[in-house]
Structures are given as C-alpha cells and as structure tokens.
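One structure below.
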Amino acid sequence: MHRIMKVDEDHPSQYQRQINEPNDNSSTAQQQQQQQHLEPQLRQHLDTTTTGETIQNQLHASLSECGWRDALIHRAKELIRQKKGGLTNVTLEELVSELIPVGRATVPMEVKGE
C-alpha cells in the first residue's frame, strides 16, 4: 500500500510517497484511518497549487496517447448498441457504473507508474 507522508513539518507542501510494509503492529483499520486523514490534506494541497492541474493534464495526455481513452469511448458505444432502444434507453449512471471498473482495470502500467 502506498501512503503519502509529510516530509517536513515546516514545509507541509512537500510530500513523500512511502510503501507500507505489513508489520505486526499495524492493522488494516489503522492504515485506512491514516489514509483517510492524509487524503484530504493532499487533495487540498493539489487544489491550491497548479500541481494538481498539471498532473491531471499530464494524465489526460498519457491516456490519450496510449489509446486508453479511445478504447473506453469505443466500449461505451458498444454498451449503448447492446441496449435495446440505443441511447434513449441508457442512463449516464448505467454507463458510468459499467465503464469505471473497465477503465480502472485497463490503465496501462506505464501510465500508472508515472
């Protein structure tokens, strides 16, 4: 599990990713609680700096370049065609619920590594 940690208390905008190795003292509940505590801080930092926007733009570009975005659009069109009545018989919620697992599972490892 990856966890974002503050590097320096005097510079809270500096974060460091650390890999948690399982140990006898930490439980899954403690790790989830720590992650829930740190996640809002990280999101706030990314929202208040241009870093978040830069990361989002880079991710968009990487996913488009590798063809992931086009493949997901193609999958959405297939789902719409499979429904009787086509687009008029499909809700956005249905598409999203079916596409999110596919999208997450098909992100290339080189993009995840970035």
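Side-chain atoms of Q56 and H60 form no donor-acceptor pair, as typed in the model, at a separation below 3.5 Å.
E78 has a carboxylate O that lies under 4.0 Å from a charged side-chain N of R75, or vice versa, which qualifies the two as a salt bridge.
Hydrophobic clustering (side-chain heavy atoms under 4.5 Å, transitive across Ile, Leu, Val, Met, Phe, Trp, Tyr) keeps I73 apart from I100. V107 and V102 fall within a single hydrophobic cluster, where Ile, Leu, Val, Met, Phe, Trp and Tyr are joined by side-chain heavy atoms under 4.5 Å apart, directly or via other members.
At least one donor-acceptor pair under 3.5 Å links the side chain of W68 to the backbone N or O of G103. In this structure, S97 contributes its side chain and E94 its backbone to a donor-acceptor pair below 3.5 Å.
The CG atom of L59 sits 12.5 Å away from atom OG1 of T54, with the distance rounded to the nearest 0.5 Å. Summarising the geometry, atom CD belonging to E110 is positioned 11.0 Å from atom CD belonging to E65; distances are rounded to the nearest 0.5 Å.
Of all the heavy atoms in K83 and E98, the pair that sits closest is NZ-OE2, 4.0 Å.
The side-chain heavy atoms of L79 and L99, taken from C-beta on, include a pair separated by under 4.5 Å.
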